[in-house]
Structures are given as C-alpha cells and as structure tokens.
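All remarks here apply to the structure that follows.
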2 protein chains.
Amino acid sequence: MSQHRPPGAPERPVAVPALPDLPEATVARLPEYLRALHNLAENGHDTVSSEWLATAAGVNSAKLRKDLSHLGSYGTRGVGYDVALLIDQIEYVLGLTQRRTVALVGVGNLGHALAGYDGFATRGFRIAALFDADPVRVGEEINGLVVRHVDELSRVATEESIAIGVIATPAAAAQRVADRLVAGGVTSILNFAPCVLSVPDGVDVRKVDLAVELQILSFHEHRKASLTALPAVGEAPLTPLPGNLAATDPQEAIGT
Amino acid sequence: MSQHRPPGAPERPVAVPALPDLPEATVARLPEYLRALHNLAENGHDTVSSEWLATAAGVNSAKLRKDLSHLGSYGTRGVGYDVALLIDQIEYVLGLTQRRTVALVGVGNLGHALAGYDGFATRGFRIAALFDADPVRVGEEINGLVVRHVDELSRVATEESIAIGVIATPAAAAQRVADRLVAGGVTSILNFAPCVLSVPDGVDVRKVDLAVELQILSFHEHRKASLTALPAVGEAPLTPLPGNLAATDPQEAIGT
DNA sequence: CGCGATTTGTGCGTGTCTTCACAAGCGCTT
DNA sequence: AAGCGCTTGTGAAGACACGCACAAATCGCG
C-alpha cells in the first residue's frame, strides 16, 4: 500500500480501504480524468473545479461529479478537488500504484509499434516480455527486449508474474495465444486481433479493432451524406461545404 | 419508400433505400457481425442462425436479432439469415459499398504501423495520403505513399476528398491537426493521440487510447486481486491456478 | 460572526440498452 | 394439407446511464 500521506491527513487512516465497485462506464472514464489531472498538476494547479476538469476530459460536469462521488468524497464544496489527492485516489482505484507487467505477443507490424510505444511506460506499465511465433523474429531485440518464441509464453508468463497480455498477432493465431496466456496465469488480455476470444470466467478481455473504428466512422459519414442529400430535414450545413460537394449525388457525393 | 430501382439493378433489389437511424450501440456491433459473416461465407455457409452468428460475434442472440431487426427483416423464420444478403445489407448500412479514402497524419511509431496495416485495405478503406510535421520524415516513402508535410494537409484533404482523418501524432500536435482536417472538409476523425479534441458540430471523432485500455484492465486486475484477498465472497477459482502464481501478492492483497 | 458566492454531492426523471419470453412465420414431413 | 419443429421478430420489463436541478457545505469578506 503505497499510499504515503506525508503531511496530509493523519486523521484519515488509509482513505480507501475497500475497493468500491464502480459502474463500468465510470471505470472507462477514470483514465481520461487521470490524464487531465496530470496535465493540470504539471501546469501548477493544485485544485480544480468539476466544471474545469469535465471540460478538460470532454464530459459533462454532472457526470464527472457523479463518477468521482463513487470513489468517495474527495472534493471540497465551494473550492473544488485537490488535484494531487484526486490523482492518488484514481491511481489507487485503477490499481496503478503498482507497476503492472505486460507481455506483448506478436511483434509484427502493429506489435512492433506497440513495443516501442512510450505511452505504456509513462503510465505505469512495463513491457516485460515479447513473443512471436516466427523463428525469424525470435531473438531480435526491440527496445532492449529480446523476442522469445511463443512456446515459452506460458512458462515465462508464470515466472514473471505477467499481469496483462497484449495480443497483436494475426487473427488465426490469437485464440491459441490467449489459451497460453491463460495457462500462464494471465487474467487480463488486450486483444488487437480481429476475432472473438473465448476465455474462462474470471479472465477479462478488451478488444481494440482499428478497422471497426473506421467502419463506425464510415456509417456516420454515410448517414451524414444521406441527410445532406435529403434537404427535407431541418438540418442545414453550417459550414459552406468546400467545393461542389454534390448535394444529391447518386453515388453519395464521392463522384466529384 | 423511394425504391427507385435503377436500370442497372439485376435480380437482387437494392433492398435498403432509406438509411434507418440505428442505436449507437448497434452500429458499434455491426462491424463485428460483418466480420463473422465474412468468415462464414468463406467457409461455404449460405445461411446462419442468430444463435450461431451471435456466438461467433461474442454476443447474446436476442441482442443480435434486435440489432439486425433495425436493418429490416432479412431473416427467414425457421431457417435463419442468408449470409450473402446480410453481408450486403450491413455493408450498405455501414457505407462500405463505396471505398472511403483515409488520410493518416503522424508517421511516427504508431503511424508507421497503421500505414502498413493491411486490415484497412482489406476492409474497404484506402489510405490515400500520409502527413507528418517532421521535415526529416517528409519525402519518405511508406507502402508506396510519399509522406507529405502537414502544411499541405488541408489542401490535399479537399483535393482528394478525404473522408476520414486518422491522427497518430503526439498529443501536443493533435488539436492543430484536427483543425486542419476540418478545414480540409474532413468530417470524421479517428484520434490515437491521448487528448480531447474539440471540433465543430457535424464532425465525428472517435478516440482510441491504448494506455486507457490497459488502465481499465488494471482496474479489473486490482478488483479481482482484492476479491481473492477476501475469500468471504462465494467466488472460487475454477481452474487450479498453475504453479505458485502468488495468490496473496503482498502488494496487492491489501488487508492481509 | 454572519452572509453571500461558489462548488460539491445527489435525488430524480428520462432515455437508452439489454434480456427474457413468446407469438408469428417458415419449411419439412407425413 | 395439416402438423410439427425450428427460428425470427418484438413487446415488455428490468438494468443501466445520463443530466438537470437543488440542497448542503465550505470559504472569504465585511
């Protein structure tokens, strides 16, 4: 329990002894708040109002207050939130007070980039091992880590107490990698492969599919285009669309 | 409905003339269904039941049926859904019947990987231009595309009718890039930079933050650890955790 | 010491999402 | 042609999330 409270509150014992169970939507927003708070702290602010923080995080202030209220009452009415205290609380709740070790499987195109992504290290995660199935890649050194063969995955995961496994392999290999991660005791997986993983209860999987994001955007593009093509709706384009962006274009205004 | 069947249309009618406005949650799942359907089609299946497809997509079958019902009635009771027809419908709704052009800004660590990611091309997106602010990188050729300077962004975006902008720059540069994309007429942005973008109404932004995903997983790790530390809950580990996977990690098992 | 300005924390109405359960519909078999 | 099994599509209920609006609490100032 790193919770050093140097000058702070000797009154208050350990602040958050029990882990409250937060709504999932709240959990997903806490990292965003945390990032905004770190920015504030770097700029010398020591308190912040919900309004300010909400704007910085891109959410409604009422939502932010409700989210933070789930952690406990760490604000001061009439003043705002203590930035440093709030950072501590959120980091504690998110389990970031201890550095978690990450194993990255698949050092292809994407995996290579992830291995070099410093956003992980700067936010409390340490990539502890790299794996790949391709013998050509095994032995390669990336960012000071040697790529191991995926056959060693389970053993190494156990030995190194890997907390989180990141799968950046082709879809065809992802399930087997997941199985090995689970066999190695890993209970959290971040999956970049475009496929559904089946894992036993108690193992959390989050999926990031880059193409899916584009497809969602594509839908909105499609919808927006079909709206501008039907001027019936009371939706006038605010900005004068550049050029002759065909209003009633059969192929949806791509023609130009 | 406007069911205007253009002379070109063969047997199969164009089916969905008007774009239904779908729940956002449904839109987010459609790409997953689509991927599962393509897998089925490759394996020779021509019909599929909601149960099967739901399993393949990792969702509840009732949810899947309700999602698909928003597109219209394209299933056959007692039989299931026609795979090819459903693919067509989903692709149409998602606006994938036309290839959308993508501009990628920031060819650093992550951007480089995205530029080479074939998952975009295989799913109907074409990366049409690369940009970076670093003069050293400008002129470099990646995957057959020459990196241009970000100053050209607005102009090129307009000229090439870029539909989607992908931001893979450091956070500090992201807002300015977004502004330039908007100025170039781009109305959909996929943001990998860890910051909030402010854009005018009518512009859609989706954010992917790799570190946030890890932090969410970290929370669940933390919660799971605090649960195993309190055996009061009726939650017994199903699988005998392999080896000496520190069940009572001193740093994690708070109370004990 | 009291008052007003300010900001948090939250009760509550509203809307969205999820899930269950079942009627309606389809094809196959007899 | 009628019955039967199977699957879709959907009404309804529950769960969850959101945002308003306001009471409660705190600070600063006269």
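A, B, ... follow the sequence lines: proteins, then strands. Residue 1 opens every chain.
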Output the rounded distance in Å from [atom1] ([X]) to [atom2] ([N]).
| X | N | atom1 | atom2 | value |
| --- | --- | --- | --- | --- |
| A/Asp21 | D/dC16 | CG | C1' | 14 Å |
| A/Asp82 | C/dT7 | CG | C1' | 15 Å |
| A/Leu86 | C/dT7 | CG | C1' | 14 Å |
| B/Leu71 | D/dG9 | CG | C1' | 13 Å |
| B/Leu64 | C/dC17 | CG | P | 16 Å |
| A/Glu51 | C/dT6 | CD | P | 13 Å |
| A/Arg29 | D/dG19 | CZ | C1' | 12 Å |
| B/Lys63 | D/dT10 | NZ | P | 19 Å |

Under 4.0 Å protein heavy-atom contacts per nucleotide of nucleotides 20-30 of chain D, with B for base, S for backbone only and - for none | BB--BBBS---

Would you indicate, yes or no, if C/dT7 has its OP1 or OP2 atom less than 4.0 angstrom from a side-chain nitrogen or oxygen of A/Tyr74?
-> no

Does B/Tyr81 have a side-chain nitrogen or oxygen under 4.0 Å from the phosphate oxygens OP1 or OP2 of D/dG9?
-> yes

Would you say [X] and [Y] make side-chain contact, with heavy atoms under 4.5 Å?
| X | Y | answer |
| --- | --- | --- |
| A/Val93 | A/Val27 | no |
| B/Tyr92 | B/Leu71 | no |
| B/Asp82 | B/Asp46 | no |

Return the orientation label for the B/Trp52 and B/His45 ring planes: parallel under 30°, perpendicular over 60°, tilted otherwise.
-> tilted

Going by atom types alone, do A/Arg223 and A/His220 pair a side-chain donor with an acceptor below 3.5 Å?
->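 Side-chain D/A pair, A/Arg223 to A/His220: present.
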
Write down the atom of B/Ser188, the atom of A/Glu221, and the distance for their closest heavy-atom approach.
-> OG-OE2, 2.7 Å

